[in-house]
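Model, not experiment: these values are computed from the prediction. Each chain gets a letter, A, B and so on, in the order the sequences are listed, and its residues count up from 1.
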There are 2 protein chains.
Amino acid sequence: MAATIKAIATAAGVSRGTVDRVINGRGGVSPEIEQKIKKLIVDMNYTPNRAGKVLAGLKKPMKIGCMLPSIDNPFFYDVILGLKQSERELSDFGVSIEIAQVKGFDPNDHIRAIKELIAKNVSALCVSTVDVPAVQNVLNAIIQKGIPVISINSDLSHTNRLCYVGCNYAESGKTAAGILNLIRKEPLEVLIITGSLNMQGHNQRINGFIKTLQDKGIKHHIAEVIESMDDDHTAYTRTLCALKKYDRVNCLYITAAGVAGACRAVEEQNLQDQMTILTFDDVPATRELVLKNVIAATICQEPFKQGYESIKILYDYFVNGAAPKKTHYFTDTVIKIKENI
Amino acid sequence: MAATIKAIATAAGVSRGTVDRVINGRGGVSPEIEQKIKKLIVDMNYTPNRAGKVLAGLKKPMKIGCMLPSIDNPFFYDVILGLKQSERELSDFGVSIEIAQVKGFDPNDHIRAIKELIAKNVSALCVSTVDVPAVQNVLNAIIQKGIPVISINSDLSHTNRLCYVGCNYAESGKTAAGILNLIRKEPLEVLIITGSLNMQGHNQRINGFIKTLQDKGIKHHIAEVIESMDDDHTAYTRTLCALKKYDRVNCLYITAAGVAGACRAVEEQNLQDQMTILTFDDVPATRELVLKNVIAATICQEPFKQGYESIKILYDYFVNGAAPKKTHYFTDTVIKIKENI
DNA sequence: CTGAAAGCGCTTACAG
DNA sequence: CTGAAAGCGCTTACAG
């Protein structure tokens, strides 16, 4: 067991309160005593005991606000399970979470939800939002007031967010290409169905995919890149149209939501046997299509862990006051096929 | 925040000590008072606060003994990192671990190492050992004395081990077949290189693999099953011999260690381009061969998590006294290819 | 059979 | 600028 505040106080010939002031930089200690204590902290190799901090901290509980565009978006279901699991594990330590769920990606809706969380007196924030100036400004103002913010699943630029927890989109795109390389039936004629060309993550998946195909010298041609707007119906109609237009397509690369819609178009055209379909994430509709052998593989990103770790990081920051070691906490790129899904 | 012992004591009109006796079944409480307190515990929805328990528990630290056949076996490197990460996170809660490393699978060596840990006064055990009666008996005697035991990476039969934490071997074998199905160049002529036909886990990987190939109706033939004894040199000579004998082999399925040796034989015969090689785990030698495109995919099992979770489970048991919810904690079956390794 | 007290390590008013 | 005391929730001797 390491040294305690009491041991340091005894060694310095002062009270525990004074040692506490120095350790936590609360000020109001004479320079000589401060130096003496600081030296002892180093010499005696003091590290604050978390169990002690936790118990004392029970007097001022911590509420963490989470804002997710999760309404009608099953991807976030596992993220929320992760958030709640963390909450359960930390509830005895005075932690609770408040989840604000939003539908879609309208910046104004997101800002409103974030402000509501702040009004509920949260002491930290964990958000998955859109990376636009209006949102950035709101968050920076909040951070300025001393409320730490983490970006989850989708990162934010131009903000002082503590860190990002989420998918490594470029790697996930590369991995899709790697799987395709193993399966390969050259020449590849690829139809790319992305969520939105305005989404950073989706674009990184496309770029990582294409770059890897090129690097590997795989003969391929991109028929077209179409947008599903993360919507099944749009995905269906646009995929159907594209399949008719490009009759040599033998691979569907679907970077985002709309999977069920796109696959329905393939099945209606009875093309599933000659088509290699790669998708992302493991939502129920996707899982079903993997089990049906329609989708060859789906690349996942540990959504549960994203929720789980975000809360742990914010709690650690709250207790220790130390910023997390990394700015990017990438979850693993996980390949799921029928047998291990 | 939930009810506390103090609140219950006040409500019952008794001291906190008495409530504590009832909660922890220490006995020596009059039946009427016991009933009254038990009712209040339910009514007031009392759950012990872990932070309080932890602080009080600091007076009697917990030492967890770990026995691993890890000498010269790089697979266990990540398991040990996981054990140590758990130790670090719990060190402020009075937890320390003691790792006994053994070379090989001689039951007597394992028993000796386990007894040494017991002699060092550990209060719980986490072992990866061989499933034979001599070892089972030693462990059962230890469990009888009140020291909980967890099996890690390799399960134990006929023991009252708390639970198993490790690979789902059958699923990992199935997954290998699933990957092969995607890559498939029928007809498959498969050479299986296993560690030892005496190892449960290795056999499950073979059975899961073959059964899945059959279920999927994939044309295949198993040339032979050879044993590497988890040794590179043995793997090399035996693979070389088999490759010469069966010149139509186009797939190597390596269930255990000896990967580098087997691959050396393939490369020496200059067969790597026409051979699909599937392996397990992500040790440095394997990783290098994946990056070199010699191995198509390696199926991993979250070794870090195995170490990490084992300690957490034992600690929870120590603090709460409640047995873990499951008897089998399977880590995920993780497919790694060049792009996501 | 039951209670009062001290303690785990840290923090927080409060008094001086 | 500094100290003494009380408290977070639980456990552990000890006294009766």
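Between the CZ atom of B:F318 and the P atom of D:dT11 there is a distance of 12 Å, rounded to whole Å. We find that CD1 of A:I5 is positioned 12 Å from C1' of C:dT12, with the value rounded to whole Å. Distance CG (B:D20) to C1' (C:dA5): 14 Å, rounded to an integer number of Å. Atom-to-atom, CG of B:N320 to P of D:dC10 comes out at 12 Å; the value is rounded to the nearest Å. Between B:I37 atom CD1 and C:dT2 atom C1' the separation is 10 Å, expressed in whole Å.
Nucleic acid contact class of A:I33 (heavy atoms, under 4.0 Å, all strands): sugar-phosphate only. Using a 4.0 Å heavy-atom criterion, one finds that B:V54 contacts no nucleic acid atom at all.
Checking the phosphate oxygens (OP1, OP2) of D:dT12, a side-chain nitrogen or oxygen of B:R26 falls inside 4.0 Å. A close approach under 4.0 Å does not occur between any side-chain nitrogen or oxygen of A:R16 and OP1 or OP2 of D:dT2. For C:dC8, one of the phosphate oxygens OP1 or OP2 lies less than 4.0 angstrom from a side-chain nitrogen or oxygen of A:K6. In this model, the phosphate group of D:dT11 is not approached by any side-chain N or O of B:K59 to a distance below 4.0 Å at OP1 or OP2. For D:dG3, the OP1/OP2 oxygens have a side-chain nitrogen or oxygen of A:T18 closer than 4.0 Å. OP1 and OP2 of C:dC8 both lie 4.0 Å or more from every side-chain N or O belonging to A:T4. In this structure, B:N24 reaches the D:dT11 phosphate: one of its side-chain N or O atoms is under 4.0 Å from OP1 or OP2.
Side-chain contact annotation: B:D131 with B:S157, donor-acceptor N/O pair under 3.5 Å present.
Between A:K38 and A:E34, at least one side-chain N (NZ, or NE/NH1/NH2) sits under 4.0 Å from a carboxylate O, which counts as a salt bridge.
Nucleotide D:dA15 has C:dT2 as its partner under the Watson-Crick or G-U criteria, with both atom distances under 3.5 Å.
Proximity note for B:K53 (side chain, C-beta onward) versus C:dT11, D:dG3, D:dC10: the nearest is D:dC10. Considering only the side chain of A:R21, D:dG3 comes nearest among D:dG3, C:dT2, C:dG9. For B:A56, the listed nucleotide lying nearest its side chain is C:dC8; candidates were C:dT12, C:dA4, C:dC8. Counting only heavy atoms from C-beta on, A:L55 has its side chain closest to D:dG9 among D:dG9, D:dG3, D:dT12.
At least one side-chain heavy atom of A:L58 sits less than 4.5 Å from a side-chain heavy atom of A:L55.
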Can you list the steps and then say if A:T331 with A:Q301 is a side-chain hydrogen bond (donor to acceptor under 3.5 Å, both in side chains)?
-> CA-CA 6 Å; A:T331 45; A:Q301 53 170 305; 5.1 Å; no
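Ring orientation note: the planes of A:F330 and A:Y164 are nearly perpendicular, at an angle over 60° on the 30°/60° scale.
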